[in-house]
Amino acid sequence: MAAQFQFVMHSGPNTGRIYPLEASEIIIGRDASNLIAINDAEVSRKHAKLTQQNSTFVIQDLGSTNGTFINGQRITTPQELKPGDTVTLGENIVLMYETSFDPNATVISSAQALKTVAPVQKPVPTPAPAQAPVPAPIKPPSTAPVEVFTSQAPAGPVSKAPTPARKKFPIWLIILIVLIIIVCACVGSLFIIDRLSLWCKVIPWLVPLLGGTCP
């Protein structure tokens, strides 16, 4: 009787390998005696157990070191598997739970289909034609009047301020001063002569120096 379900390894030492689930109880582990033997350090010797119930399988972790995960969630109790579930052992071993196909059928498995289907190529967008550069508008010449600044020269020669002439003493003033000096000298001489008699008594030695004589 053909198996109804299978595991397909998506990540691990045997990527792409198919494990048909043909027994009602299957042990998964690193030990070679297991029905599904996976030789990887992430897998414990007796890692997990599959038990067939009704029309599907139930998976149970057997106290493995790195744990068993279904769709990224670690399990601690038996969990029922559904087609499309991912079973991860540790961190690197990823198994896809799928419905198996009749080996005599012409339809290939989903894992093989993923490998053989060519990737869809996106159409390369056609580059838009380059637009000719738009010339910048030419600004009309300015019509504003241009002011011409010229330095205005004085109409005529600049007259300098007259230099004040030096004041001269009038001749009559000079003559008057000279006359006053002569008069003062005469009066002084007379005063000296009048006082010679008195000086002869007080300071006779000074009278000859002044040009006089004592009687």
Side-chain angles (χ1 to χ4, degrees), residues 1-140:
M1 182 178 178
Q4 296 180 353
F5 298 98
Q6 62 186 15
F7 269 148
V8 180
M9 182 173 288
H10 281 204
S11 175
N14 301 313
T15 303
R17 182 173 177 178
I18 299 174
Y19 299 92
L21 306 181
E22 300 176 335
S24 59
E25 185 174 295
I26 301 172
I27 301 298
I28 305 173
R30 193 175 66 250
D31 197 324
S33 62
N34 298 323
L35 290 180
I36 298 180
I38 302 174
N39 187 15
D40 190 275
E42 292 285 328
V43 182
S44 300
R45 295 176 61 86
K46 303 289 183 179
H47 197 104
K49 181 176 69 173
L50 292 172
T51 304
Q52 188 174 12
Q53 292 184 5
N54 300 326
S55 59
T56 187
F57 279 87
V58 174
I59 188 170
Q60 177 184 358
D61 186 79
L62 298 178
S64 62
T65 302
N66 296 315
T68 302
F69 302 81
I70 296 179
N71 300 326
Q73 299 294 326
R74 187 165 185 169
I75 62 173
T76 57
T77 59
Q79 298 292 326
E80 181 180 340
L81 293 175
K82 298 177 182 179
D85 287 344
T86 57
V87 177
T88 305
L89 309 178
E91 295 181 358
N92 301 323
I93 310 303
V94 179
L95 302 172
M96 179 68 73
Y97 181 70
E98 298 179 349
T99 302
S100 61
F101 296 89
D102 186 353
N104 297 324
T106 57
V107 183
I108 61 176
S109 67
S110 61
Q112 294 174 344
L114 290 175
K115 293 184 179 181
T116 57
V117 174
V120 178
Q121 296 183 355
K122 296 182 179 180
V124 179
T126 304
Q131 296 181 356
V134 179
I138 301 175
K139 298 177 66 176

* Asked: What do the steps show when you test Ile36 against Ile27 for side-chain contact (heavy atoms from CB on, under 4.5 Å), and what is the final call?
  -> CA-CA 6 Å; Ile36 298 180; Ile27 301 298; over 6 Å; no

* To do: Keeping to residues at least two apart or across chains, list the side chain to side chain donor-acceptor pair (under 3.5 Å) pairs with something in residues 25-39.
  => Asp31-Ser33, Asp31-Arg45, Asn34-Lys46

If the condition is side-chain hydrogen bond (donor to acceptor under 3.5 Å, both in side chains), which residues does [X] pass it with, not counting sequence neighbours?
X	result
Thr77	Gln79
Tyr19	none
Thr56	Tyr97

Test of understanding: with side-chain contact (heavy atoms from CB on, under 4.5 Å), list the residues that count as partners of [X], not counting sequence neighbours.
X	value
Ser64	Ser44, His47, Asp61, Thr68
Glu91	Glu42
Asn71	Asp85, Thr86
Ala23	Ile26, Leu35

Can you name the nearest heavy-atom pair linking [X] to [Y], along with the distance?
X	Y	result
Leu21	Gln6	CG-CA, 3.9 Å
Thr15	Gly12	OG1-O, 3.2 Å
Val58	Pro78	CG1-CB, 3.6 Å
Asn66	Ala41	ND2-O, 4.1 Å
Phe5	Ser100	N-OG, 3.4 Å

* **Listed once per pair and sorted, the salt bridge (Lys or Arg N to Asp or Glu O under 4.0 Å) pairs that draw on residues 48-59, sequence neighbours left out** => none

Kindly compute the distance separating [atom1] ([X]) from [atom2] ([Y]), expressed to the nearest 0.5 Å.
X	Y	atom1	atom2	answer
Phe7	Ile38	CZ	CD1	8.5 Å
Leu89	Asp40	CG	CG	9.0 Å
Leu81	Leu95	CG	CG	10.5 Å
Gln60	Thr76	CD	OG1	10.5 Å

* Report yes if some heavy atom in the side chain of Thr51 is under 4.5 Å from a heavy atom in the side chain of Ser24; otherwise report no. =>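 No; the side chains remain at least 4.5 Å from each other.
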
* Taking C-beta and beyond as the side chain, do Met9 and Pro13 meet within less than 4.5 Å on heavy atoms? -> yes

